[in-house]
Amino acid sequence: MTEPLAPQYDPSRIEADLYRRWVEAGLFEARRPRPGRGRGRAASPYVIMMPPPNVTSVLHMGHGLNNTIQDVLIRFERMRGREALWLPGTDHAGIATQNVVERILAREGKTRFDLGREAFVERVWAFVRETGAAILDQLKAIGASADWSRTYFTLDPRMSRAVREVFVRLYEKGLIYRGNYIINWCPRCLTALSNEEAEKEEQDGRLWHVRYPLERGGHLVVATTRPETMLGDTAVAVHPDDARYRELVGTMVRLPLAERPIPIVADPGVDPEFGTGAVKVTPAHDPLDFEIGRRHGLPALDVMTPDARMNDDVPERFRGLDRFEARKRVVEELERLGLLERVEAHRHAVGRCYRCDTVVEPRLSEQWFVRMKPLAEPALAAYRTGKLRFIPERRGEEYAQWMENIRDWCISRQLWWGHRIPVWYCERPGCGKVTASREDLTACPGCGGPVRQDEDVLDTWFSSWLVPFSSLGWPDRTPDLAAFYPGDVLVTAPEILFFWVARMVMAGCEFMGEPPFHTVYLHGTVRDTQHRKMSKSLGNGIDPLEVVGRYGADALRYTVVAGMAVGTDLILDPKDLETSFAPGRNFANKLWNAGRFILSNLDGPVRPLPSFYRDGRPSPELTLADRWIIARCERAVVEATEAYERFRLNEAANAIYHFIWSDLADWYIEAIKPRLYGDVPGGEVARAVVTQVFDVALRLLHPIMPFITEALWQRLPGRSARSSIMRAPWPRSDRRAEDPAALREFELLQEAVSAIRSIRAEYGVAPGQQVEAGVTPGPSPFRHVFAAEWELLRRLAKVASPAPVDGDGRRSVATAVLSDGSEVFVSLEGAIDIRRECSRLNAERQRLLALIESQEKKLRNEQFVTRA
RNA sequence: GGGCGAAUAGCUCAGCUUGGUCAGAGCGCCUGCCUUACACGCAGGAUGUCGGGGGUUCGAAUCCCUCUUCGCCCACCA
């Protein structure tokens, strides 16, 4: 324990070791409040649900940012005495994980169909077990103090129980239904996607104007962005009030290429302003067309295969063509037939698969849906009544808007990896019973006939939206559930506000009767210097583990916390880690060295001060510098605490940084050196004060920089490697410490010193030259200046008692005579710098002149008005 | 098409809710220092008409209007 501390702080030597000790001591594990065990009134627990990362994911800066923020909040509240539960888990992430394994299979020249469903799922399980949620271990490297003893996986059997329970309950309530709708289909993943999973992206495209020959002669021109879908047209629609087409309604056109007659219908969904005001209707490939088709009883003709090739319902020459290939061929043929009137550039939004970026195909298919409106109402009410708040606030309106316009949630996915839909169909002809069941069925509950389970699995979010209670044991009434639901804060990136956060609120309201948290803190996105989102595909990512390796976890955490204000993005330069993370590293090193200095100077006698105060007044043993640093410390406690409470983590970081570096290191430690060295009496008090203040600083900083603060804190007198700063109480604010007089007087001294220093700098005299007993090469009057400065630095600790009073009433601490005969006084009344004074007076004069001028102007205007 | 946010030193950003004492931080740059905790440091210094224009006010980075440029979210204009 007594090994000397290296002058260079080396995080790699302490971080892993400290983390292991924290885990071994069980310091991350939340204990359930045990009423009646005499532990006194337990504070209410503080609970954060970690957004479960994908099991197969690799740590990126987004995780780093997200989890650092959560860890800061958790550590803060834990020190404040609340039983803090940060509950981690991993998500099975249906599409993403299945894609990963399919890619591995592809390298072996196989597809999932070669293995078959059962073997494929087993293969994915093997993969997941093998990679072993490495992401969670990576979170440990950045210091995450999550309760690993409660880690869940969204495909665990206990989670499956919750999923089935929810599915069956909603089904029985009539909130889950199966239907034929246009859904977003990913032709590459071969599965349906929810609206949220189909990311809209503006893209330059074209608008083709195509002539559809009227059966009674002439043409009707329709505009389309996707000509290939015309092969599946079953009507043309116009607006009912559109005079141009009124008499055509009810007549037929001949669909080119497919050579089929199709009707012209009138529908209010058509915008007469757009294109030609006539729209081709393809009910199987467009949501609006689907609605029109339904209103008019039109057939839906699906012309594509699941992987978006033209199927057998199109003329033979198009069959098997990829949709974009088919588009080219269709356009070419139309052109040859003279049916292409014109083409114009057109910018429009296309949906892309959020996982593989493939352009989604709106496709008619039978899927399972959740009726969302009844679920959304209580979730919206929770926001409106203030039971749920957002930081930043404006996100609340986004949430409300989404809730108000909510659409049903397509929950079936044509994948194999996931929670299989707990629905069984009776295979006995004539029965056809459909049963949703909590238990696996082997026979139809209606007729006893053979049953077949639905082939599809549930959207991965169907398990994640239950996490706030399923991870605590729901549907059982477990002690954990009773103790830790509802939680407090949800910290996440805005991207998954609708995917996850909104749905968790809905599930919480529906199944637990209240939202799972009261605050949603949405932080920004990590971007590069060109404000592009960091991503693997762009190659502009920063590997947090590399940062940890080079600068330490504390430096990483400091950077992301200090670098981001509420509601803004975090910009980092992937090409210049030094610039981004050196401040954190430098700060850690500064703190380390301050600690080294303090610890190595505690050998001497320490006067244990039971309190710095006697009868509410500062003890007379405290010098001005002591009282000042205690007051600054008090201010830091208040500012940091308030900033943490308000999620202003950057403000907390800045306040603590400034206190430690500018106040404690730059001034106080310098000021007490003469006392510590024994040049001046009072060393024992200085030791007591500096220990106390340093202890507080470490505790304030601990949530942000847990490792270095722990390493230093354990070395303070009376502590051991077994004690942990994690269990140290949060510093309490003490109003007696505010001491405005000490602040004011010490600040005057600081000003005095700077004034003297700048005078010295201006005349180019180096401090080293002062050593020769006032003999300086510069103009001789300045030797007073040197003497004063050095004396001042040495004696900061002693000047609390009144200095001698000059003839004119000033209590001078230092005096400087300029070569022009003018003087700079430095006194406890005020540090007067002649230049500052002049500029102040000048500014005052300017202000008065401006005031007079504007008053005159006003007067003139009034006179003018009066005259007029 | 709607809604929202941002524009402050070379770079990354605070400050704006509650107008004056706020023009700031870190990095970078310049000068001088290896002063017995720290050169990942110390002490000084330069740099901004707070995006443009207008308004309210005795006074605006801060409030209002407008323009410009970026960015985000929502939306079934084929």
Side-chain angles (χ1 to χ4, degrees), chain A residues 5-9 182 195 200 207-208 222-226 229 237 269-282 285-292 346 348-349 362 392-395 397-398 401-402 405 407 494-495 497-498 524-525 527 529 531-532 551 555 559 562-565 567-573 576 578-580 582-601 648 650-651 654 657-658 662 665-666 669-670 673 677 753-754 757-758 760-762 764-768 771 790 793 840 847-848 850-855 857-858:
Chain A
L5 304 178
Q8 200 92 96
Y9 173 58
I182 294 280
N195 287 322
K200 285 290 166 58
L207 190 60
W208 284 272
V222 301
T224 179
T225 53
R226 297 167 59 216
T229 63
V270 178
D271 177 3
E273 302 295 316
F274 187 86
T276 61
V279 58
K280 59 193 259 334
V281 180
T282 322
H285 292 281
D286 184 276
L288 174 64
D289 293 8
F290 177 75
E291 291 303 321
I292 295 176
H346 181 65
H348 63 130
E393 279 179 29
R394 61 192 158 84
R395 295 290 182 179
E397 287 308 309
E398 274 176 33
Q401 199 189 343
W402 187 77
N405 303 304
R407 282 185 289 164
E495 286 100 277
L497 178 57
F498 305 128
T525 309
R527 300 178 183 278
T529 46
H531 293 206
R532 296 177 307 179
Y551 307 105
T559 298
M564 203 176 65
T568 64
D569 288 335
L570 177 66
I571 312 289
L572 295 172
D573 187 352
D576 188 4
E578 182 75 14
T579 296
S580 300
R585 176 202 57 186
N586 294 353
F587 180 41
N589 195 51
K590 184 71 180 181
L591 181 63
W592 183 252
N593 278 291
R596 271 178 67 214
F597 177 81
I598 291 166
L599 292 169
S600 66
N601 279 287
R648 307 265 191 150
N650 61 326
E651 288 177 12
N654 289 338
Y657 178 95
H658 184 265
S662 309
D666 287 350
I669 288 181
E670 294 305 324
K673 275 178 180 174
Y677 296 156
V753 172
S754 349
R757 277 176 186 156
S758 59
R760 185 199 66 205
E762 201 165 301
V765 190
V771 176
W790 283 104
L793 279 171
R840 197 179 67 77
R847 238 170 61 189
L848 289 171
L851 184 67
I852 291 164
E853 197 180 331
S854 70
Q855 290 294 0
K857 197 163 113 192
K858 213 172 166 186

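Residue numbering restarts at 1 for every chain, and letters A, B, ... go by the order of the sequence lines.
- Taking atom P in both B/A37 and B/U49, one finds a spacing of 43 Å when rounded to whole Å.
- Rounded to the nearest Å, the gap between the P atom of B/C65 and that of B/G3 is 14 Å.
- Each of A/Phe597 and A/Asn405 lies near RNA chain B, and the nucleotide nearest A/Phe597 is the one positioned closer to the 5' end.
- In this structure, A/Tyr677 atom OH and B/U36 atom C1' are separated by 6 Å, rounded to whole Å.
- How far CG of A/Leu591 is from CG of A/Asn586: 12.5 Å, rounded to the nearest 0.5 Å.
- Note on A/Ala665: a base of the nucleic acid sits closer than 4.0 angstrom, heavy atoms only.
- Distance A/Asn589 CG to B/C42 P: 10 Å, rounded to the nearest Å.
- Considering every non-hydrogen atom in both A/Gln8 and A/Asn589, the closest pair reads NE2-ND2, 3.5 Å.
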Task: Dot-bracket pairing map - RNA chain B, Watson-Crick plus G-U, both contacts under 3.5 Å, | cross-strand - done: ((((((((.[[[[.)....(...]]]].(((((.......))))).....[[[[[..)....]]]]])))))))....
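- Between B/A25 and B/A14, the two C1' atoms lie 7 Å apart (nearest whole Å).
- Using cut-offs of 30° and 60° for the angle between ring planes, the A/Tyr657 and A/Phe587 rings count as tilted.
- A gap of 13 Å separates the P atoms of B/G10 and B/C50, to the nearest Å.
- Here the separation of B/G19 from B/G1, taken at their P atoms, is 36 Å to the nearest Å.
- Place A/Phe587 and A/Ala562 on RNA chain B by their nearest nucleotides, and A/Ala562 ends up nearer the 5' end.
- Under the side-chain contact (heavy atoms from CB on, under 4.5 Å) test applied with A/Val279, the options A/Val270, A/Asp286, A/Asp271 reduce to a single match, A/Val270.
- Following rounding to the nearest Å, A/Glu670 (CD) and B/A43 (C1') show an atom-to-atom distance of 11 Å.
- Checking the phosphate oxygens (OP1, OP2) of B/C38, no side-chain nitrogen or oxygen of A/Arg585 falls inside 4.0 Å.
- Nearest nucleotide to the side chain of A/Asp666, out of B/A78, B/A43, B/A37: B/A43.
- Between A/Gly584 and A/Thr559 the shortest heavy-atom distance is N-OG1, 4.4 Å.
- Nucleic acid contact class of A/Gln8 (heavy atoms, under 4.0 Å, all strands): base.
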Between the protein and nucleotides 23-26 of chain B, list the N/O to N/O atom pairs that are separated by less than 3.5 angstrom.
none

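- Every residue meeting the side chain to side chain contact (heavy atoms under 4.5 Å, CB included) condition with A/Ala278, not counting sequence neighbours, appears here in chain and number order: A/Leu220, A/Val222, A/Val236, A/Val238, A/Tyr245, A/Thr276.
- In this structure, A/Arg596 has no salt bridge (charged side-chain N to carboxylate O under 4.0 Å, His left out) partners at least two apart in sequence or on a different chain.
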Polar atom pairs between nucleotides 69-73 of chain B and protein, under 3.5 Å, N or O only, would you list them?
none

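- Ranking B/G41, B/A78, B/C38 by closeness to the A/Asn586 side chain, first place goes to B/G41.
- A distance of 9.0 Å separates CG of A/Leu599 from CH2 of A/Trp592, quoted to the nearest 0.5 Å.
- The two residues A/Thr229 and A/Thr282 have their closest heavy-atom pair at O-CG2, 3.2 Å.
- For residues 582-593 of chain A, the salt bridge (Lys or Arg N to Asp or Glu O under 4.0 Å) pairs, not counting sequence neighbours, are A/Glu578-A/Arg585.
- Closest contact between the side chain of A/Lys590 and the listed nucleotides B/A14, B/A78, B/C42 involves B/C42.
- As a whole-Å value, the separation of A/Ile598 CD1 from B/A37 C1' is 9 Å.
- In this structure, A/Val222 reaches neither bases nor backbone, as no heavy-atom distance under 4.0 Å exists between it and the strands shown.
- The side chain of A/Lys673 contributes no N or O atom lying less than 4.0 Å from OP1 or OP2 of B/U36.
- Atom OG1 of A/Thr224 sits about 4.5 Å away from atom NZ of A/Lys280, to the nearest 0.5 Å.
- The two residues A/Pro7 and A/Asn593 have their closest heavy-atom pair at O-ND2, 3.0 Å.
- Rounded to whole Å, the distance from OH on A/Tyr9 to P on B/A39 is 17 Å.
- Put simply, CD1 on A/Ile669 is 16 Å from C1' on B/U35, counting in whole angstrom units.
- A/Ala582 comes within 4.0 angstrom of no nucleic acid atom, judged by non-hydrogen atoms across all strands.
- Only the C1' atoms considered, B/G28 is 14 Å distant from B/C13, to the nearest whole Å.
- Between the CG atom of A/Asp289 and the P atom of B/C77 there is a distance of 12 Å, given to the nearest Å.
- The nearest whole Å value for the distance from the NE2 atom in A/His658 to the P atom in B/A14 is 19 Å.
- When the C1' atom is compared between B/C72 and B/C30, the two are found 40 Å apart, to the nearest whole Å.
- Considering all non-hydrogen atoms of both residues, A/Leu288 and A/Gly269 come closest at CD2-O, 4.1 Å.
- With both ends at atom P, the span from B/A61 to B/U17 equals 13 Å, rounded to whole Å.
- Counting heavy atoms from C-beta outward, A/Asn601 and A/Lys673 have side chains that stay 4.5 Å or more apart.
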